[in-house]
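Structure first, commentary second.
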Protein chains: 2
Amino acid sequence: MLSFTEENYLKSIYHLSNGGSKAVLTNELAESMNTKAASVTDMIKKLSAKSLISYEKYYGVKITKQGKAEALTIIRKHRLWETFLVSKLGFNWDEVHDVAEQLEHIQSALLIEKLDEFLGYPTADPHGHSIPDKHGKIKAVRHILLTDLLLKKKSTVQSVKQGSPSFLQYLNKIGIYIGVGIMVLERVEFDGSLEIQLDGKKKVFISRDAASNLMVTE
Amino acid sequence: MLSFTEENYLKSIYHLSNGGSKAVLTNELAESMNTKAASVTDMIKKLSAKSLISYEKYYGVKITKQGKAEALTIIRKHRLWETFLVSKLGFNWDEVHDVAEQLEHIQSALLIEKLDEFLGYPTADPHGHSIPDKHGKIKAVRHILLTDLLLKKKSTVQSVKQGSPSFLQYLNKIGIYIGVGIMVLERVEFDGSLEIQLDGKKKVFISRDAASNLMVTE
DNA sequence: ATAAATATTTAGACGAGTCTAAAAAAATAT
DNA sequence: ATATTTTTTTAGACTCGTCTAAATATTTAT
């Protein structure tokens, strides 16, 4: 059985490698885990010995099939708990991350299956991220960055790429939520910010940075 | 902030001391924590340094007011989670303990308040144990051991003292659950077993051991 | 192609929580 | 009241995950 820490490393490796499609460097991992490179090297050896990642000195790590399965289980748990917190307990979408980081480590397959059923087998969490099913399958979603959306094309907000509380609160304030209709009216040459129109004719400007954190339907 | 381990020790001390009304010996604690006396001595020093218990060498430990408050918070969390698992997720009452042992350590006061609200502020968990409120107040319940119930007196099953899965499964099988009406028809002199009558006229025999694990209304 | 800068690994140490074995204190029995 | 048994504590060691400092490998710049 994996420790809390091993699970966190694995999840991080999965995310940093874009689901296993590239190698992850020691320093990247150290940064994302808020730890030191030396500690990462140690943990890499452990995970490697368990065949959850493959490791080549001075090159980086790649997640194995087995490691990917573990990572997806943790991600599934995280996203189911986030969904529970928002849809059942009434949390806001910017309040759930830290609690879900804890809940994702609870060990009970039965619990997760029952929770999934209780929630009605949701396919996406409150931030619009797909929830892997019990076999680790993720529903592929077609989406593009808001920055790449054609002018005047009607679209829908599908997910946030990075969901820090302050960003989510900002989205709340300007009326952006998962599922809202959206259209880009104009692209400002100067700073790349966008004038957008939301459901109900609401027009707002958002920065290029914010727009590049939003995924919308094609 | 307390570690997972410190919380478990504190909870154990609370229970073994009957809510703080007597000192707990090192060996008792070692037994209940499934560890060795030497390890207990070490942890005792830690908790003592944090003023959660008071400790006299070769005598035992007593929980302090502060320690009691911590213990009650953990017990509150445990029982709320058990209630959630049974009433919302459809677990059986014999399946919830181990998962709740994990969930009770999740750190989020907001989570517990929201969970409490979601469950409708329950006052007892699936085993009939009182759930402390957010201030640590426990509803006092009048109850006696089934072994002490007068013959032919109508009563109601209120809680199980010790709730191992196998005991709970046995209760299921013979039709005993929290809230069922119960009456002692006869006490067998030989082995102390009881012939009881449940709601719906069902008559069964239960051993003295089983009966001394059941609490009923006076 | 060599020097400088950057990234990674090794070596050795630490704190938390645990253990075993031995010492010390307390309780019990004769 | 002394010897024996039981309980508790101390001493020292081990694992896990972490750290700093130093060594080594790789990359980048000139």
Side-chain angles (χ1 to χ4, degrees), chain A residues 1-17 22-63 67 70-71 74 98 101-102 104-107, chain B residues 1-17 22-63 67 70-71 74 98 101-102 104-107:
Chain A
M1 224 195 61
L2 300 180
S3 73
F4 194 101
T5 310
E6 291 170 322
E7 290 194 343
N8 284 334
Y9 268 92
L10 218 44
K11 190 176 47 145
S12 226
I13 292 167
Y14 179 87
H15 283 132
L16 291 172
S17 69
K22 67 173 188 202
V24 177
L25 303 174
T26 303
N27 267 1
E28 282 181 79
L29 202 39
E31 162 121 356
S32 97
M33 294 295 297
N34 268 303
T35 184
K36 297 297 150 71
S39 310
V40 171
T41 300
D42 290 345
M43 182 54 78
I44 281 175
K45 286 178 187 162
K46 273 193 69 179
L47 293 175
S48 209
K50 294 187 180 185
S51 306
L52 296 165
I53 58 178
S54 64
Y55 161 55
E56 239 179 287
K57 263 177 156 186
Y58 289 95
Y59 164 71
V61 300
K62 269 198 178 143
I63 197 161
E70 290 284 355
I74 303 160
D98 292 353
E101 286 282 297
Q102 297 179 64
E104 73 190 7
H105 300 291
I106 302 292
Q107 299 293 336
Chain B
M1 224 194 61
L2 299 180
S3 74
F4 194 101
T5 310
E6 290 169 323
E7 290 196 344
N8 284 335
Y9 268 91
L10 218 44
K11 190 177 47 147
S12 226
I13 292 167
Y14 179 87
H15 283 133
L16 291 171
S17 69
K22 67 174 188 201
V24 178
L25 302 175
T26 303
N27 267 1
E28 283 181 78
L29 201 40
E31 161 122 356
S32 96
M33 294 295 297
N34 269 303
T35 185
K36 297 297 151 68
S39 310
V40 171
T41 301
D42 290 344
M43 181 54 78
I44 281 175
K45 287 177 186 162
K46 273 194 65 180
L47 293 175
S48 209
K50 296 188 179 185
S51 306
L52 297 165
I53 58 178
S54 63
Y55 161 56
E56 239 179 288
K57 263 179 156 184
Y58 290 96
Y59 164 71
V61 300
K62 269 197 177 142
I63 197 162
E70 290 284 355
I74 303 160
D98 292 354
E101 286 282 298
Q102 297 179 64
E104 73 190 8
H105 299 291
I106 302 292
Q107 300 292 338

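Heavy atoms only: backbone and side chains are in, while hydrogens, waters and symmetry mates are out. First the proteins, then the strands, lettered A, B, ... as listed; each starts at 1.
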Which heavy atom of [X] sits nearest a heavy atom of [Y], and at what distance?
{"X": "B/Lys22", "Y": "B/Ser17", "answer": "O-CB, 3.0 Å"}
{"X": "B/Leu10", "Y": "B/Ile63", "answer": "O-CD1, 4.1 Å"}
{"X": "A/Ile53", "Y": "A/Ile44", "answer": "CD1-O, 3.7 Å"}
{"X": "A/Thr5", "Y": "A/Met43", "answer": "CG2-CE, 3.7 Å"}

Practice prompt. Have a look at B/Tyr9 and say if it touches a base, only the backbone sugar-phosphate, or nothing, with a 4.0 Å heavy-atom cut-off.
Written response: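 The residue B/Tyr9 makes sugar-phosphate contact but no base contact.
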Practice prompt. Using a 4.0 Å heavy-atom cut-off across all strands, classify B/Tyr55 as base, sugar-phosphate, or nothing.
Written response: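 The answer is sugar-phosphate, as B/Tyr55 gets under 4.0 Å only of primed atoms, P, OP1 or OP2.
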In Å, rounded to the nearest 0.5 Å, how long is the span from [atom1] of [X] to [atom2] of [Y]?
{"X": "A/Met33", "Y": "A/Leu16", "atom1": "CE", "atom2": "CG", "answer": "9.5 Å"}
{"X": "B/His105", "Y": "B/Ser3", "atom1": "NE2", "atom2": "OG", "answer": "9.0 Å"}
{"X": "B/Ser39", "Y": "B/Asn34", "atom1": "OG", "atom2": "CG", "answer": "11.5 Å"}

Quickly work out the [X] [atom1] to [N] [atom2] distance and round it to whole Å.
{"X": "A/Glu56", "N": "C/dT9", "atom1": "CD", "atom2": "C1'", "value": "15 Å"}
{"X": "B/Leu29", "N": "D/dT7", "atom1": "CG", "atom2": "P", "value": "15 Å"}
{"X": "A/Glu28", "N": "C/dA7", "atom1": "CD", "atom2": "P", "value": "11 Å"}
{"X": "A/Lys46", "N": "D/dT15", "atom1": "NZ", "atom2": "C1'", "value": "9 Å"}
{"X": "B/Asn27", "N": "C/dA27", "atom1": "CG", "atom2": "P", "value": "13 Å"}
{"X": "B/Leu25", "N": "C/dA25", "atom1": "CG", "atom2": "C1'", "value": "14 Å"}
{"X": "B/Ile44", "N": "D/dT8", "atom1": "CD1", "atom2": "C1'", "value": "9 Å"}
{"X": "B/Asn8", "N": "C/dA16", "atom1": "CG", "atom2": "C1'", "value": "15 Å"}

Between [N] and [X], is there an OP1 or OP2 to side-chain N/O distance shorter than 4.0 Å?
{"X": "A/Tyr58", "N": "D/dA23", "answer": "no"}
{"X": "B/Thr26", "N": "D/dT9", "answer": "yes"}
{"X": "B/Lys45", "N": "D/dT10", "answer": "yes"}
{"X": "A/Lys57", "N": "D/dT26", "answer": "no"}

Worksheet item: Of all of residues 32-42 of chain A, which get a heavy atom below 4.0 angstrom from DNA chain C, listed by number?
Response: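 Those residues whose heavy atoms fall under 4.0 Å from DNA chain C, taken from residues 32-42 of chain A in numerical order, are A/Ala37, A/Ala38, A/Thr41.
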